[in-house]
Structures are given as C-alpha cells and as structure tokens.
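On a predicted model such as this, the values are computed, not experimentally measured, just so you know. Along the sequence shown, residues carry numbers from 1.
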Amino acid sequence: MDINKKIAEELKIKVWQVEAVVNLIEEGCTIPFIARYRKEQHGSLDDEQLRNLDERLTYLRNLEERKETVLASIEEQGKLTEELQQKIMEAQTQVVLEDLYRPYRPKRRTRATIAKEKGLEGLANILLLQMTERPMEEEAEAFLNDEKEVNTPEEALQGAMDILAESIADEADYRMVIRKRTMEQGVLHSQAKDEEAKTVYENYYDFESSLKKLSGYQVLAINRGEKEKVLGVSIEAPEDEILRYLNKQVIQKDNRNTTPWLEMTVADSYKRLIAPAVEREIRNSLTETAEDGAIRVFGKNLQQLLMQPPIAGHVVLGWDPAFRTGCKLAVVDETGKVMDTIVVYPTEPQKKIEETKRIVKGLIEKYNISLISVGNGTASRESEQVIVEMLKELNKPVQYIIVNEAGASVYSASKLATEEFPEFDVGQRSAVSIARRLQDPLAELVKIEPKSIGVGQYQHDMNQKKLGEALGNVVEDCVNHVGVDLNTASAPLLEYVSGVSKAIAKNIVAYREEHGRFKSRKELLKVAKLGPKAFEQCAGFMRISEGNNPLDATSVHPESYAAAEELLHQLGYHLADIGSGLTGLSLVTKDRKGLSAKIGIGEETLDDIIKELEKPGRDPRDEMPKPVLRTDVLDMKDLKEGMILKGTVRNVIDFGAFVDIGVHQDGLVHISKLTDKKFVKHPLDVVSVGDIVEVKVLSVDVSKKRIQLSMIL
C-alpha cells in the first residue's frame with residue numbers, strides 16, 4: 001500500500017504535501033511548528049489537517065506492521081498462497097485484515113479441533129463435497145472409533161458438522177457480507193432490567209433503532225446503562241436473509257442425503273459462532289465511532305474554553321463556596337500573584353452574613369478589587385445572594401461572575417498545587433484557581449487534566465488513552481497558537497509549548513529563578529537539555545517583552561529575523577519602530593511575490609511576518625466574546641416563559657447546548673431550537689463554548705431543575 005497516496009486521497013490534498021509533512025514529522029518537528037513555520041513546505045495545511053494526517057499515518061503504519069506479522073505467521077504454517085498474500089496486502093482496515101487471518105490464527109481447543117483430533121475431518125469433507133449417494137448415517141459408520149470416543153453415527157456427524165461450522169465462520173468473505181447486511185438492516189433493542197426503577201436511562205427502557213440511525217450519544221448512553229446493569233441490549237439481524245445467503249454459498253448441489261445436514265450446519269455456524277462475533281464487532285464499531293465523535297465535540301468545546309479572552313487589568317477576589325467548612329477567598333493581583341486568603345462563613349450552619357460582608361468590603365477597599373469570581377459548586381447560590389446584597393451597599397463599581405469550577409478541586413489536591421502553594425490548604429488553592437481562570441483561562445486550565453474540565457459528554461466511558469491524546473493535542477494547539485510569556489509562564493504551561501518536554505519546562509523555570517528574567521530567546525540555549533532542535537521547535541512560540549530584541553516579543557521565528565530586518569530596511573523602518581505596531585504595513589507591501597524573492601523567503605512566511613509587525617504580540621483570544629459580568633441575581637423561580645435573557649454557552653453536546661443564564665442551573669437549548677435558518681447537523685455548526693447568546697425561556701421545571709430554552713426568538 002502506498003501510504004502517502006492513500007492519505008492524500010482521504011484528506012483530499014496533494015501527495016507532495018503528505019510527503020513533506022511525513023518528512024518533517026520524521027525529522028522530529030511538532031504539529032504546531034509545522035503548521036506555523038513550515039507553510040511553504042506543505043502548502044499551508046492547517047492544524048486540523050495536520051493532526052488528521054498524523055493520526056492516519058500512525059494507523060496505516062501500524063496496519064502495515066500487522067500485515068507483516070500475519071503473513072509471517074501464515075507462511076510459517078506453510079499455508080500462504082499468492083491469492084491470500086495479495087488479499088492481505090490489499091486490506092484497507094484492521095477489521096478486514098483480522099477476518100483474513102482468522103482461519104490461521106492459533107486457536108484454543110474448540111469443538112472443531114476436538115472433532116479433528118477424533119479423525120472426523122474426512123467425514124466433514126464428504127458432507128461438504130455433497131458427492132455421496134448414501135445417507136450420511138451410513139457414511140458415518142466408517143468413522144466410528146471406540147478409542148477416540150466416537151461411538152455412534154450421530155456423534156460422528158455432530159463432529160463433522162462442528163468442523164464445517166467453524167470453517168464457514170472463518171470465511172472472511174462471508175463475514176464481510178454478513179457484517180454489512182447486519183449494519184444496513186439490523187435493529188438495536190434495549191430493555192430495562194427493572195421497569196419500575198427510576199434512573200436516568202428511562203428513555204432506553206423500551207428502545208429500538210436501526211443501527212444506521214443510532215446517534216453517538218445514544219450509543220454511549222446505552223453502553224453506560226448496560227455497564228451499570230440497568231439495561232439489557234441486543235441486536236436483531238436479518239437472520240432469514242443471512243441464512244439464505246450462507247446456504248447458497250455452502251450448498252452447491254441438490255443432494256437429499258447432504259442438504260439437510262448442511263442446512264443444520266449453516267444455522268449452527270451462524271447462530272453459535274458468527275452472529276455473536278458480528279454483534280460484538282458492530283457494537284465495538286458503533287462505540288468507536290461514537291467515542292470519536294464525542295472526543296471531537298469535547299476537543300472543540302475545550303478549545304473554545306481555553307481560548308476565552310483573559311480579563312486583564314483587574315484585581316480579582318476568588319470565591320470557593322461551601323457550607324459547613326466556610327467559603328474560601330483568595331485575592332489575586334493583576335499578574336496572578338496571591339495577595340491574601342481568608343475563610344468566611346455566610347452560609348449554613350453559621351450564617352455569619354454581616355461579618356462576611358464586613359470582611360469582604362475590607363478586602364475590596366484594601367486591594368482595590370473590581371471583580372469577584374465565584375465558583376459554581378455547592379453553596380454557590382447562597383454565596384451569590386450575599387455578594388449581590390453587599391455590592392448594592394458599596395460606593396464603587398464591583399462586578400461578579402459565576403465561573404465553572406470543574407477541575408478546581410482536582411487541581412487543588414494535585415502535586416502541582418502542593419508545590420505551588422505548600423502553605424495553603426485545598427480550599428485556598430481552589431479559590432486561587434477560580435480567580436486566575438478568569439484572568440487567564442489558558443494559563444490556569446493547563447494545570448488541570450483536560451478531561452476534568454467538564455465540557456465533554458460521557459468522557460469517563462470512552463478509551464481514556466485516545467481521549468487523553470486528543471485533548472492533549474487541543475491544549476498544545478491552543479498554547480502554541482497564543483504563545484507564552486517566557487518570563488512568567490508556569491512549568492505546566494511551558495510543557496505544552498512545541499518541543500518542550502516536562503523536564504525542559506522545569507529547567508526553564510529553574511534557570512529563570514537562578515538567573516532572573518530572560519533577555520533574549522537565544523538565552524534558551526543555556527537551559528539544561530534544551531538543544532538546537534528543541535530551540536528550533538519552541539523559540540517562535542516564546543515571547544519576551546522588553547527584551548534585547550523587539551522581535552523576541554513577536555511570533556516571528558529567530559530563523560526569520562534577518563528576513564524581517566531586511567523587510568524593515570526595504571520599507572525604511574528600524575527594529576525600534578515595531579514596538580507599538582506598524583499599522584498599514586500590508587498596504588505598502590502589495591508586491592508580495594517580488595518582495596519575498598528579494599528578501600529570500602516564501603510568500604506565506606512574508607505574510608506572517610507582515611501581520612506580526614503590524615500587531616506585534618497580538619493575542620488571538622481578544623477576538624473571542626467576553627464573558628457576561630453581573631451585578632444582580634436571578635432565581636429559577638423568577639423565570640417566566642417567554643423571557644429573553646443573555647447567557648453564556650457552557651457545554652455543547654450532540655443533541656443541543658447548555659447555556660448559563662445566571663440561575664445556577666444551565667438551561668438546555670435543544671438542537672431543534674438553535675436556529676430556524678438552516679438544517680443543523682450538529683450543534684457545533686451553530687454555537688461554541690464561551691459564546692454569548694440571547695435565549696428565550698420555553699419552560700421551567702423547578703422540582704426537576706430543568707430549564708428549556710430556545711435561540712429562535
């Protein structure tokens with residue numbers, strides 16, 4: 001198989017592009033580096049295309065390795081024919097390859113192998129060839145053997161049928177047809193094991209759907225219900241049609257002596273061996289497809305969450321709400337430095353509301369706090385009521401925002417948090433995290449395992465390795481897209497920079513602590529274990545403000561500094577001129593082709609340099625919608641049908657989007673209520689996490705804590 005050609009066909013790109021990317025990957029380049037700094041070599045493929053290419057490359061290379069193993073195994077058995085070898089070499093998927101290998105795979109003792117040990121293979125051949133003119137019972141007489149416990153013709157025939165049943169089940173072509181027909185015509189059923197039980201799976205207590213029409217979220221929900229022993233699940237295949245097909249393949253002659261026996265053999269082969277295996281394979285395939293879809297949605301949600309704009313320039317009070325143990329507060333200055341921490345008790349059982357208001361007012365006055373970031377966990381509602389009352393009593397403008405605190409407790413109990421704040425308890429660390437994730441969501445959320453951030457669907461039920469890798473790639477792409485401040489970035493943030501390992505990230509921080517601020521990117525080469533290759537991969541994503549070279553504050557790669565300086569020289573500028581941005585630079589550089597030839601760089605690189613010199617160190621997150629800040633509180637009981645409210649999209653799933661409208665219970669906008677302007681294949685086509693949207697209240701069920709919303713106003 002020509003892997004590069006196949007990938008090019010699948011991704012609808014050119015073979016030379018695939019070859020270029022494969023070469024770069026083999027040279028040790030990362031995807032973010034290839035996407036940003038090697039555009040000329042691969043024709044400006046984007047991050048997503050490059051990730052898909054890398055994923056398919058790994059899969060197809062593993063497939064080729066498996067083919068070699070399979071061929072060697074069959075050849076060792078002396079059973080490899082030219083025809084079989086060609087079929088194996090042409091296999092496009094692991095499933096097809098394993099179908100072909102099935103008859104030759106070493107087996108445990110089966111009914112068929114036991115029958116062969118009893119010398120019944122000859123009888124099986126007589127039955128299969130359908131040549132006999134005698135009843136099969138008479139043919140079986142010749143195979144009776146007391147020593148091998150073949151005492152009756154019926155026992156002999158059963159053994160012969162077992163041999164044939166396994167042979168039929170191992171036939172790759174049959175399995176492919178049966179799998180395809182089952183997938184096209186099969187129906188999945190799920191039933192409750194206890195119909196009286198109240199569970200979240202009630203929608204699936206008596207459920208059926210054709211396999212073709214099953215949604216990913218339905219597959220994952222049914223799987224979980226089955227795992228929790230709430231549901232029984234089965235697949236109904238077009239059995240009669242499949243048996244007709246198998247009989248036609250196996251029974252080649254009209255022989256009344258053999259046909260009844262072969263029909264019984266075919267039925268046994270299908271029901272005992274083929275059907276259970278095909279059902280298992282189809283359910284695995286459905287699950288894998290559903291998982292891949294859920295991972296894509298999770299990745300998109302995570303990307304939107306990480307790319308939310310920082311709220312800069314505010315001293316923030318982080319508020320981690322609780323009842324019995326009190327609310328933990330942390331004051332964090334504009335740079336994220338912790339200024340103060342304290343515990344207050346405005347909630348049950350203490351209810352020291354006035355004392356809390358006095359303490360918080362004092363903190364606001366002392367540190368000039370302008371924003372309060374409140375976690376949305378237990379006692380958040382009660383905390384919000386106190387905060388709103390207090391804000392009304394202040395003479396200065398202070399706003400608050402409810403922050404999704406998913407993962408804050410995971411972070412606060414982690415080794416990383418212990419190292420960062422050894423003197424704090426978990427509540428104080430959590431309050432710091434809640435404050436900082438408002439100031440710079442990306443820098444703070446990278447400290448938390450991505451799947452704990454809470455913007456996914458059924459994330460605990462899927463392949464954890466695949467999920468972890470996919471989400472790690474999303475974080476890596478986001479970090480490198482934004483870039484990091486080399487002099488303030490934490491080790492967890494640096495770990496996601498292209499070419500930087502965990503050890504190198506720690507060494508960068510250690511070097512900074514020992515030698516002070518980095519003055520230039522070149523200084524990175526003095527960091528332990530950070531060699532020329534790692535420098536090439538990471539340097540462009542590291543930013544140094546007020547360093548020796550103004551270009552160090554931009555995303556221009558050091559390898560292009562000479563070109564950038566030559567460009568400035570050609571246009572009559574100097575390095576010192578780029579500090580505040582050379583607006584209008586793109587207007588005076590219309591002849592990109594001639595200019596790139598004169599300077600000696602590609603047009604794509606020239607475009608990137610010009611964009612960066614116009615807005616040096618620009619933050620792509622600034623283009624995202626800002627979070628909704630509040631000064632008043634709404635209660636679920638205040639909601640009325642028809643109300644129009646502004647909210648923030650918190651999570652997007654297969655069947656809709658959850659929107660925070662400020663009442664501590666996110667409302668659901670069903671996929672059918674997202675828009676009336678077009679057919680919506682997936683909610684992500686309309687909304688993303690972090691979007692600010694206007695919604696209409698359709699219905700409110702206070703007892704079930706359910707709010708139905710619509711974006712069709």
Side-chain angles (χ1 to χ4, degrees), residues 1-38 41-73 88-101 216 281 284-300 302-303 449-451 459 462-480 495-502 533-534 537:
M1 184 197 300
D2 185 334
I3 289 178
N4 291 348
K5 188 178 176 186
K6 179 160 179 57
I7 292 173
E9 287 169 359
E10 287 180 0
L11 301 184
K12 295 181 174 57
I13 57 178
K14 303 284 194 300
V15 175
W16 68 263
Q17 293 179 293
V18 178
E19 288 169 350
V21 175
V22 170
N23 290 336
L24 287 165
I25 289 170
E26 287 176 346
E27 286 170 16
C29 297
T30 68
I31 297 300
F33 176 80
I34 295 169
R36 181 69 180 77
Y37 296 112
R38 290 295 179 263
Q41 288 187 35
H42 59 75
S44 296
L45 298 174
D46 62 30
D47 295 39
E48 190 175 346
Q49 288 172 305
L50 291 167
R51 290 282 180 205
N52 290 339
L53 191 157
D54 190 30
E55 189 180 305
R56 289 301 290 155
L57 180 66
T58 303
Y59 177 87
L60 292 172
R61 282 183 170 175
N62 289 341
L63 180 62
E64 291 303 300
E65 278 181 30
R66 179 64 179 153
K67 284 179 186 178
E68 286 177 22
T69 306
V70 166
L71 286 168
S73 171
I88 288 171
M89 294 306 295
E90 289 173 355
Q92 303 288 308
T93 64
Q94 292 277 7
V95 172
V96 171
L97 178 60
E98 296 306 324
D99 276 350
L100 292 166
Y101 184 41
E281 288 162 5
N284 286 342
S285 172
L286 288 169
T287 299
E288 193 174 337
T289 303
E291 283 182 355
D292 289 346
I295 288 172
R296 273 194 302 277
V297 172
F298 199 151
K300 182 70 175 169
L302 178 63
Q303 179 193 32
E449 193 179 18
K451 63 187 175 190
Q459 56 259 42
M462 57 186 71
N463 183 314
Q464 296 300 296
K465 184 173 181 288
K466 193 191 283 188
L467 176 66
E469 285 173 359
L471 298 184
N473 289 341
V474 170
V475 180
E476 184 184 21
D477 287 343
C478 290
V479 169
N480 290 286
E495 277 171 35
Y496 283 104
V497 173
S498 166
V500 176
S501 65
K502 238 180 187 150
K533 188 65 185 179
Q537 297 298 302

Check: Where do A35 and D47 come nearest, in terms of heavy atoms and distance?
Finding: CB-OD1, 3.4 Å

Notebook entry, point to check: Looking only at heavy atoms, which two atoms of Y496 and G472 are closest? And how far apart?
Noted result: CE2-O, 3.9 Å

Notebook entry, point to check: Which heavy atom of C29 sits nearest a heavy atom of K533, and at what distance?
Noted result: SG-NZ, 3.8 Å

Checklist line | Residues which pass side chain to side chain contact (heavy atoms under 4.5 Å, CB included) with K14, listed by chain and number, not counting sequence neighbours | finding: W16, Q17

Checklist line | Under 3.5 Å donor-acceptor, S285 side chain and E281 backbone | finding: no

Next item on the list: List the atom of I295, the atom of A470, and the distance in Å for their closest heavy-atom pair.
Entry: CG2-CB, 3.3 Å

Item checked: Taking every non-hydrogen atom, the tightest pair across C478 and Q303 -> SG-CG, 3.8 Å

Notebook entry, point to check: Which pair of non-hydrogen atoms, one from G499 and one from T30, has the smallest distance, and what is that distance?
Noted result: N-CG2, 3.6 Å

Next item on the list: Under the side-chain hydrogen bond (donor to acceptor under 3.5 Å, both in side chains) rule, collect the residues that match up with D292, sequence neighbours excluded.
Entry: K466

Next item on the list: Salt-bridge test for E10 and K6: reply yes if a basic N is under 4.0 Å from a carboxylate O, no otherwise.
Entry: yes

Check: What distance separates T58 OG1 from L63 CG, expressed to the nearest 0.5 Å?
Finding: 12.5 Å

Notebook entry, point to check: Is there side-chain contact between E48 and D477, with heavy atoms separated by less than 4.5 Å?
Noted result: no

Margin query: Please enumerate all residues that pass salt bridge (charged side-chain N to carboxylate O under 4.0 Å, His left out) together with R36, with sequence neighbours excluded.
Written below: D608

Item checked: Within-4.5 Å side-chain heavy-atom neighbours: T69 and R66 -> yes

Check: Quick one: are E476 and R51 in side-chain contact, heavy atoms under 4.5 Å?
Finding: yes

Notebook entry, point to check: Does S501 have any side chain to side chain contact (heavy atoms under 4.5 Å, CB included) partners at least two apart in sequence or in another chain, and if so, which?
Noted result: A503, I504

Check: How long is the gap from CD1 on I34 to CG on L24, to the nearest 0.5 Å?
Finding: 5.0 Å

Item checked: Contacts of type side chain to side chain contact (heavy atoms under 4.5 Å, CB included), residue V96, not counting sequence neighbours -> A91, T93, L100, M176

Checklist line | Distance in Å, N52 CG paired with I7 CD1, rounded so as to fall on 0.5 Å steps | finding: 10.5 Å

Notebook entry, point to check: What residues, two or more places apart in sequence or in another chain, satisfy ring-ring contact (aromatic ring centres under 6.0 Å, His included) together with F33?
Noted result: Y37, H557

Item checked: pair I31-N473: side-chain heavy atoms closer than 4.5 Å -> no

Note to self: Strictly below 4.0 Å, N to O, side chains only: are R38 and E27 in salt-bridge contact?
What the structure shows: no

Next item on the list: Enter the distance from I25:CD1 to L57:CG here, rounded to the nearest 0.5 Å.
Entry: 6.0 Å

Notebook entry, point to check: Within the distance-only criterion (no hydrogens, no angle test), does the side chain of Y59 pair as donor or acceptor with the backbone N or O of Q94 below 3.5 angstrom?
Noted result: yes

Item checked: CD on E55 to CG on L53, rounded to 0.5 Å -> 10.5 Å

Margin query: Do the side chains of E65 and R61 get close enough for a salt bridge, i.e. N-O under 4.0 angstrom?
Written below: no

Note to self: Has N480 got a side-chain atom pairing as donor or acceptor with P32's backbone, closer than 3.5 angstrom?
What the structure shows: no

Next item on the list: To the nearest 0.5 Å, tell me how far L11 CG sits from L45 CG.
Entry: 8.5 Å

